[in-house]
Number of protein chains: 2
Amino acid sequence: MTTARTPTGAAPTRGRRAGRSTGDDRETAILATAERLLAQRPFADISIDDLARGAGISRPTFYFYFPSKDAVLLTLLDRVTEEADAAGGVFERLAEDPRAHWRELIARFHATFGGHRDVVLACAQVRGTNAEVRRLWAEVLERWVRAVQAAIEAERARGAAPDGLPARDLAIALNSMNERVWYATFAGDGPAVAERDVVDVLLDVWLIAIYRTTTPPVTASGGTP
Amino acid sequence: MTTARTPTGAAPTRGRRAGRSTGDDRETAILATAERLLAQRPFADISIDDLARGAGISRPTFYFYFPSKDAVLLTLLDRVTEEADAAGGVFERLAEDPRAHWRELIARFHATFGGHRDVVLACAQVRGTNAEVRRLWAEVLERWVRAVQAAIEAERARGAAPDGLPARDLAIALNSMNERVWYATFAGDGPAVAERDVVDVLLDVWLIAIYRTTTPPVTASGGTP
DNA sequence: GACCGCAGTCAACACCGTGTCGAGTCGAAT
DNA sequence: ATTCGACTCGACACGGTGTTGACTGCGGTC
């Protein structure tokens with residue numbers, strides 16, 4: 001096969017089948033239509049025909065650009081996870097002001113998910129039925145769990161955080177909490193924390209779970225400054 | 001209408017349309033088939049025809065008993081939530097041994113969900129597309145959040161737990177964490193805590209988040225025994 | 001003991017969304 | 001001018017859903 005270059009660089013192209021050329025705008029038109037419709041109604045209520053008509057093409061032509069409706073969503077999700085992963089550098093100078101850095105981390109996630117809530121919500125909905133979405137989401141989560149696990153271990157090593165649960169288990173629990181709480185908050189579904197407060201609530205639980213206090217010690221190893 | 005009596009007492013009957021009579025076993029046959037098939041493949045891959053044939057009836061006859069495929073799942077979910085709610089009495093003598101009681105609470109939930117994981121997983125999958133499932137689940141969660149919130153406030157009142165986050169927000173965060181962690185563990189999907197450890201991991205986070213320690217003070221107000 | 005009504009049953013149908021196939025158009029390169 | 005491949009769509013086959021209308025058999029009732 002030709003593994004043609006794609007807008008997203010190295011990725012094995014979730015979108016167009018091959019080649020390059022004019023239809024690039026068609027592809028983005030489909031994506032844009034999907035995002036627009038997603039703001040109006042749930043993913044399940046959007047047919048391929050809707051997407052095609054919205055992009056000014058016929059249904060068979062849609063299949064030239066995407067193998068399925070889900071693939072469109074996957075492409076949209078790729079963008080979001082890319083943006084989320086970009087929040088990675090936060091861990092570097094954690095010890096200088098742990099509280100501020102953890103907050104920054106959570107706040108960035110919140111901003112990313114909140115800024116694309118329609119896409120994220122739609123993904124949560126199809127995660128049940130689509131293995132590919134499930135896989136991609138699991139990957140993203142795994143990266144974040146690993147990063148948080150490493151940060152917790154570092155904080156324990158420098159004496160700022162006490163020992164306790166295996167760092168990985170703790171990281172999984174905290175990330176899971178965030179995911180579910182955000183979902184409820186953005187979906188307005190079931191008991192939810194007010195959107196205004198959600199970052200601070202999550203932060204508090206994180207700090208207490210990791211440090212046993214909401215004011216973790218700053219800089220070098222050991223005690224208070 | 002006649003609002004005929006149903007097996008589940010007062011509920012506005014999720015199942016059969018009206019009346020009584022012989023077809024009771026057909027109804028349970030459908031339910032049993034659903035549970036059996038759910039153990040084999042995801043809910044979305046089960047058609048109404050599968051359910052009907054499994055119960056020894058034709059597809060139109062299925063509609064005599066249930067208005068839709070989702071209604072079958074809802075009926076199954078009703079049973080599970082009933083069982084989960086039965087774990088309610090745990091809060092009563094909490095102060096006598098907080099750790100043991102919180103553990104009991106979490107363990108009971110774990111047992112209930114684990115014992116019906118196929119149903120619970122299926123519900124999680126259709127929650128995205130079915131408002132009724134979403135509503136019912138939200139109700140259950142809300143009951144639990146309220147109970148936990150009240151317990152936290154009581155522990156704070158007796159001086160066993162320090163002040164901090166609003167009790168409701170904390171209760172939401174902790175319940176959300178549990179839900180998501182269980183989901184991952186039972187579904188084997190994405191980063192998950194080992195099933196053996198999951199109760200203890202969750203318990204640890206709960207205790208630390210509520211008491212700032214994994215060994216909360218026992219009995220009456222104040223200090224160690 | 002004919003009749004009614006109703007729980008229970010299903011063949012057949014109408015409908016909708018998906019995915020595919022084959023026949024095309026058109027512009028750039030040869 | 002022809003060829004090639006990107007691109008397009010009408011028309012179809014398929015599978016699942018939900019409904020209709022006709023049928024069966026049984027308990028009650030005059």
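To find a chain, count down the sequence lines: A is the first, B the second, and so on, and within it residues start at 1.
Rounded to whole Å, atom C1' of dT8(D) lies 14 Å from atom CG of D25(A). Distance R26(A) CZ to dC26(C) P: 14 Å, rounded to the nearest Å. F64(A) places its CZ atom 18 Å from the P atom of dG19(C), with the value rounded to the nearest Å. Following rounding to the nearest Å, F62(B) (CZ) and dT17(D) (C1') show an atom-to-atom distance of 11 Å.
A heavy atom lying under 4.0 Å from DNA chain D marks the following residues of residues 36-56 of chain B, by number: S47(B), I48(B).
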Legend entry - Trace of the side chain to side chain contact (heavy atoms under 4.5 Å, CB included) decision for F43(A) with D118(A): CA-CA 9 Å; F43(A) 188 66; D118(A) 298 326; over 6 Å; no

Inset, instruction - Output, in order, the C-alpha distance, side-chain angles, deciding distance and verdict of side chain to side chain contact (heavy atoms under 4.5 Å, CB included) for W182(A) and I106(A). - result: CA-CA 11 Å; W182(A) 273 320; I106(A) 293 171; 4.0 Å; yes

Legend entry - Stepwise salt bridge (charged side-chain N to carboxylate O under 4.0 Å, His left out) test for R79(A) and E35(A): CA-CA 12 Å; R79(A) 292 185 189 170; E35(A) 218 155 4; 3.7 Å; yes

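Within a 6.0 Å sphere centred on CZ of R36(B), heavy atoms belonging to other residues, nucleotides or ligands number more than 12. Counting non-hydrogen atoms of other residues, nucleotides and ligands closer than 6.0 Å to CZ of R41(A) gives a total above 12.
If you check distances only, the side chain of R59(B) does reach the base of dG18(D) with a donor-acceptor pair under 3.5 Å.
For T61(B) and dC10(C), the shortest distance from a side-chain N or O to OP1 or OP2 is below 4.0 Å. The side chain of Y63(B) places no N or O atom within less than 4.0 Å of a non-bridging phosphate oxygen (OP1 or OP2) of dC10(C). Taking 4.0 angstrom as the limit, S58(A) places a side-chain polar atom (N or O) nearer than this to OP1 or OP2 of dC9(D). In this structure, Y65(B) does not reach the dA7(C) phosphate: none of its side-chain N or O atoms is under 4.0 Å from OP1 or OP2.
Note: F186(A) and H110(A) meet the aromatic proximity criterion, with ring centroids under 6.0 Å apart.
The residues R93(A) and E104(A) are annotated as not salt-bridged, no charged nitrogen and carboxylate oxygen being separated by less than 4.0 angstrom. Using a 4.0 Å cut-off between charged side-chain N and carboxylate O, D200(B) and R103(B) make a salt bridge.
Considering only residues two or more places apart in sequence or on other chains, A55(B) meets the side-chain contact (heavy atoms from CB on, under 4.5 Å) condition with A29(B), I30(B), T33(B), I57(B).
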Can you give me the N/O atom pairs linking the protein to nucleotides 20-24 of chain D at distances under 3.5 Å, or say none if there are none?
none

